[in-house]
Amino acid sequence: MCLAACSSKGGAQNQGGAASGDAGKRYTIAMITHEQPGDFFWDKIRSGAEAAAKHLNVDLKYSNNNDAGQQATLVQNAIDSHVDGIAVTLAFADQVGPAAQKAVQAGIPVVAFNSGISDYQKYGIGMYFGSDEDLAGQSAGQRMTQAGAGGKAICVVQEQGSVALEARCAGVKKTFPNTENLQVNGADLPSVQQTIGAKLQQDPSIGYIVTLGAPIALAALQAKQQGGNSQAKIVTFDLSSDVAKDIKDGTIAFSIDQQPYVQGYQAVTSLWLALTNGNDIGGGKPVLTGPSFVDNTNIGKIANYAAQNTR
């Protein structure tokens, strides 16, 4: 379906944008993600993508499936429908990457974003927008170490097999060595809360709960509050309006933000520039959108943007 405002006035190049032999053509771009149902992180990705599509008069086709095989099928469907460009996440690179490579081989411009920073080049994809998840994890662990709270950290992985989530936890462990992964089912938040709560009761040495998404952070906060005795500090990746409030209140220590709105916006914009002006961004290297720390020193400025679904 068309997620951007439709217009018959032609592409943005008609209003003084890039010159093109296809001036006036309205391009169709498919965005295909591994979005898990109920995870509002992806609302920010879509908000950024829709804003860029509206500005550039692009017909944006968004689809998602958190099953690797099904996501690969969505990529093939986009190829078969002859879209002009494809933006894809590579959380399951081994399965989805070959499908994206077929698009490249068919002459369709492809950008990767959000997941797959270590894999996109092997599939012939020239541009990537996202955070270096290992670096982000190391930055979080370093900050935890500097705070001197000590104890053990649990790193809560809500989607088994996601390379981005595993990379985050591996990064945390590099700079906060006493870190243990805890696998949960992110699609079942009551179960997540119970699993974290049981772990806190079992191991009072836990000083940090590291969550890899805003909904998981809120579940961890509920688990801690209901348990009563844990002094563990909660830090999280990614941001939401609720997490922003908790950072402001001091119940969540900080967030490591990868700026998903920017990822969605840049993915669409870079494809439009490639189609209309032959541009590529980053020289084959990833364009980093994070890590960006959000804590009590800057939450006052950022909270309003979080409420508007752009941070």
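Checked against ring-ring contact (aromatic ring centres under 6.0 Å, His included), Phe129 has no partners two or more places apart in sequence or in another chain.
You'll find the ring centres of Trp272 and His55 outside the 6.0 Å limit.
Of the charged side-chain nitrogens involved, none lies within less than 4.0 Å of a carboxylate oxygen, so that Asp43 and Arg46 do not count as a salt-bridged pair. Under the 4.0 Å criterion applied to side-chain N and carboxylate O atoms, Lys25 and Asp84 are assigned as salt-bridge partners. A salt bridge does not link Glu180 with Lys173: every distance from a Lys NZ or Arg NE/NH1/NH2 to an Asp or Glu carboxylate oxygen is 4.0 Å or more.
No side-chain donor-acceptor contact under 3.5 Å links Asn185 and Glu159. Between Gln193 and Gln226, the side chains place a donor N or O and an acceptor N or O closer than 3.5 Å (distance only, hydrogens not considered). Checked by atom type, the side-chain pair Asn65/Asp67 shows no donor-acceptor distance below 3.5 Å. Between the side chains of Tyr62 and Glu50, not a single donor N or O lies within less than 3.5 Å of an accepting N or O. A donor atom on one side chain and an acceptor atom on the other are not found under 3.5 Å apart for Ser131 and Gln259. Side-chain contact, Ser47 with Asn309: a donor N or O sits under 3.5 Å from an acceptor N or O. Using a 3.5 Å distance cut-off with no hydrogens or angles, the side chains of Asn304 and Gln308 do not pair a donor with an acceptor.
Phe293 is listed as a side-chain neighbour of Ser139, based on a closest heavy-atom distance under 4.5 Å. Side-chain contact between Phe176 and Gln138 is absent, with no heavy-atom pair separated by less than 4.5 Å.
By the neighbour-count criterion of 12 heavy atoms within 6.0 Å, atom CD of Gln231 is sparsely surrounded, having that number or fewer from other residues, nucleotides or ligands. Heavy-atom neighbours of Gln160 CD from other residues, nucleotides or ligands within 6.0 Å: at or below the threshold of 12.
Under the side-chain contact (heavy atoms from CB on, under 4.5 Å) rule, Asp257 has a single partner from Ile302, Val262, Val294, which is Val294.
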Throw together a table of side-chain donor-acceptor distances under 3.5 angstrom for residues 241-255, partners on residues two or more places apart or in other chains.
unit_1: Asp246; atom_1: OD1; unit_2: Thr251; atom_2: OG1; d: 3.3
unit_1: Thr251; atom_1: OG1; unit_2: Asp246; atom_2: O; d: 3.2
unit_1: Ser255; atom_1: OG; unit_2: Asp238; atom_2: O; d: 2.7

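Among pairs with a residue in residues 280-294, those fulfilling side-chain hydrogen bond (donor to acceptor under 3.5 Å, both in side chains) read Gln263-Thr289, at least two apart in sequence or across chains.
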